[in-house]
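This report concerns only the one structure given below.
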Amino acid sequence: MKLIFVSGGVISGLGKGITASSIGRLLKSRGLKVSAIKIDPYLNIDAGTMNPFEHGEVYVLDDGGEVDLDLGNYERFMDLELGSDHNITTGKVYRSVIENERRGDYLGKTVQIIPHITDEIKHRITSVARESGADVVIVELGGTVGDMESMPFLEAARQLGRDLGREENVMFIHTTLIPIMGSVGEEKTKPTQHSVKELMSIGIRPDMIVGRCSEPISDSARSKIAMFCDVDEKAVISAPDAKSIYAVPLSLEEQGVADYIIERMRLSPLTSGRDMKDWESFLDRILHPTEHVTVAIVGKYTSLADSYLSHLEAFAHAGAERRCKVHIRFIDSDDLLSKGTDLLDGVHGILVPGGFGIRGIEGKIVAARYARENGIPFLGVCLGFQIATIEIGRDVLGLKGANSTEFDPDTKAPVICLMHEQASVSSMGATMRLGSQRVLLAEDSKAAGLYGSTDITERHRHRFEVNPEYIDMYESAGWRFVGRSDDGHRMEVGELKGHPYFVASQFHPEFKSRPMAPSPLHLGLVDAAIAYKNDMD
Ligand code: GLN
C-alpha cells in the first residue's frame, strides 16, 4: 500500500485539492491505478448539513454520500467514482470510537486520542486504500498544519509513515504560500520555512514542497527553500497562478513531479511516457475559444462561486467541447424581483440550479418565465426542475398559487409535493433521495439525443417531486415528462414542446460531468445558447 499525504501550510485556500487532483491525474496518465481520500477535520459527520454559503457546494457521490467539494475535483481530474468513506471527518472518527467504547470494545481501557482516535483514522485510511485496489492513494489533509483540529490526523499520518515504511511507501507533500513583497517583487520564503518547521515538530519531514505564488518561483528561492526545509531542489515545485485549473497538471508535469514521485516511491508505471495528449487538447480548447456565450446562473448562493462549483466545471467541460467560452453571470434571484428582468439582458442561456428553502423562489420563477416566453435556452436542475414545473402550472395551466409544499404547505395546487415512498435517508434525519438512480428517457426526447441513450443513471439529492396527480394535465399542455424513474413513478426530466431548449431534470447532471465527457444537459444548453446567439447577430 502506497500513500501520498498532501498537507497545507501558511494559509487555507491554497488550492491543495487541485494540487492533489493534478498529481493523481499525472500518475494515472502513466497507467497507475490511483484513488483519493479527503480528510476534513471538522466535527460534522458529513457535508450534508453544511451551508453552501460557508463551505461551497455539497457534492453528491454515487452511493449518496454528501461530501466536501474537493471530492468533485478528484472525480473530475482522475476520472474516478468515489464512495463516501473516501471523505473522513472528525465527526465520523469520533462517532465510531464512541460507539466502540459504549459496546465495551476497549475492555475497560481509558479511551484516548492516541492511540484510539489515531488508530481509527489509520484503520479508515488503510481500509479505503486496500478496498480501492489502487497502486497509490492520495490523502489530502484539510485545514492547515498547526490547526488544533488537524493534530490527530497528522499524528496518524506520521504513524502510517512508520508502519508502512517511510522509504518508499509513504510520501509527504506540503503546499505553502510564497508571497511576493515590495516594489522589487521579492519572493518571501520565510512563511514556508516556518510552516515546514511546524510540520517537522510533529515528526513529519516533507519530501516535496509545492509553493503557491502569483509568479513562477525563481531558482534562488527554490534553492533557499530546498536548503532550509531539507528537501531535494527538484522537489521544490512552483505552482504559479494558472489561467485554468486544468492547466495545473501540465505545469506540474513539466517540472517532473510525477517522475520524482514514481522514483521516490518505486512505483511501476505501465507506460514510461505520459499520456496527456487528450488533456492538452482539452486545455487548448478551454484557453483558446472561438465562441463566447453568457449564461446566467439564477440562485440564492450566488455570493460564493464555490456554491455552484460543479455547474461551473460542467460549463467549462461543455464549452471546451465546442471551443466556446461560457461566461457566467451570477444573479441573485431576489434581485430579479426588486430590479427586474433587465438583469437578464444579453444572456444566451439561463440555469436555475438546486437549492433548499423558500428564499429566492419567486425570483427563480421570474427567470423561468422569462426564458420560456422569450425562447431563451433554459436548464433547470433539481429545484430548477421544480421551479419550471411551478411556473408552467401557474402561467400555462392557470393553476392559481401553484407551488411546492416545501414553500407553501397549504397551496391549493401542490404541483410539487413530498415524495410518497422514500428511497434513502440522509444524515439530517430528513428523508432524502440520494445518490445514483436509474432514469429512463423517451426515445424522441432531446435528453435521449444528448445522452445517446434512453437508459441512464444520474445522481440525486431531493425530498420533493412532481405530484403524480398533475402529470396528465402538464403533458397535454406541452410540458412533457420525458424522463422517469425506472419504476415509472417519479418524474425526472421535463421538456417543453415548441421551445428551442427548455429542459429540466430532477437529478443533478453536473456531478458526473468530466473533462472530455461533459454533462449532456449542460452541453445541450451550450449548443442552444450558441444557436440563440447566432440567431440574434
Ligand atoms: N428543495 C428541493 C427538494 O428537496 C430541491 C433540492 C435540490 O435542489 N437539491 O426536493
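As the structure lists them, so they are numbered: ligands from 1, and atoms in each ligand from 1.
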* To do: Verify the ring-centre separation between Phe378 and Tyr501: is it less than 6.0 angstrom?
  => no
**Request:** Please work out whether the ring planes of His292 and His327 are parallel, tilted or perpendicular, with thresholds of 30° and 60°.
**Result:** parallel
By salt bridge (Lys or Arg N to Asp or Glu O under 4.0 Å), Lys33 pairs with (sequence neighbours left out) none
**OP:** Fit a plane to each ring of Trp279 and Phe77, take the angle between them on a 0 to 90° scale, and name the class: parallel (under 30°), tilted (30 to 60°) or perpendicular (over 60°).
**Re:** tilted
Would His311 and His522 count as a close aromatic pair, with their ring centres under 6.0 Å? yes
Contacts table for ligand 1: protein N or O within a distance under 3.5 Å of ligand N or O, distances only.
residue	atom	partner	partner atom	Å
ligand 1	1 (N)	Gly355	O	3.0
ligand 1	1 (N)	Glu406	OE1	2.8
ligand 1	1 (N)	Glu406	OE2	3.2
ligand 1	4 (O)	Arg463	N	3.1
ligand 1	8 (O)	Gly355	N	2.9
ligand 1	8 (O)	Gly355	O	3.4
ligand 1	8 (O)	Leu383	N	3.0
ligand 1	9 (N)	Arg461	O	2.9
ligand 1	9 (N)	His508	NE2	3.4
ligand 1	10 (O)	Gln386	NE2	3.1
ligand 1	10 (O)	Arg463	N	3.1
ligand 1	10 (O)	Phe464	N	2.9

For the residue pair Tyr42 and His55, is the inter-centroid distance of their aromatic rings smaller than 6.0 Å?
yes
